[in-house]
Amino acid sequence: MPEITVSDSLYRQLEDAADGGEMEDAMWEMVYLLQRGSDPT
């Protein structure tokens with residue numbers, strides 16, 4: 001998987017969203033919610 005660099009504030013948001021779980025799972029959930037919110041259907 002490619003490595004990405006994020007700001008400290010975004011990293012803290014990701015940690016909060018993960019809520020003790022896996023960071024990758026939190027990121028995939030965010031991607032899903034973003035795509036769902038952007039899709040008018």
Side-chain angles (χ1 to χ4, degrees):
M1 184 179 306
E3 186 176 311
I4 60 170
T5 303
V6 297
S7 67
D8 289 338
S9 63
L10 179 56
Y11 188 81
R12 284 191 293 275
Q13 289 178 43
L14 288 168
E15 283 185 318
D16 289 344
D19 195 30
E22 289 293 320
M23 183 83 75
E24 186 173 342
D25 292 341
M27 288 189 284
W28 280 117
E29 185 174 350
M30 288 178 172
V31 168
Y32 167 75
L33 292 173
L34 178 65
Q35 287 176 340
R36 198 174 106 195
S38 299
D39 186 6
T41 59

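Given the structure is predicted, the values throughout are model-derived calculations rather than measurements.
The structure places CD1 of Ile4 at 7.5 Å from CG of Leu10, a figure rounded to the nearest 0.5 Å.
With sequence neighbours excluded, no residue forms a side chain to side chain donor-acceptor pair (under 3.5 Å) with Glu29.
Grouped by direct or indirect side-chain proximity (heavy atoms under 4.5 Å, Ile/Leu/Val/Met/Phe/Trp/Tyr only), Tyr32 sits with Leu33.
Follow the hydrophobic side-chain contacts under 4.5 Å out from Met27 and you reach Val6 in the same cluster. Criterion: ILVMFWY side-chain heavy atoms under 4.5 Å apart, direct or through other members. Under it, Met30 and Met23 are part of a common hydrophobic cluster.
The two residues Ala26 and Ala17 make their nearest non-hydrogen contact at CB-C, 4.0 Å.
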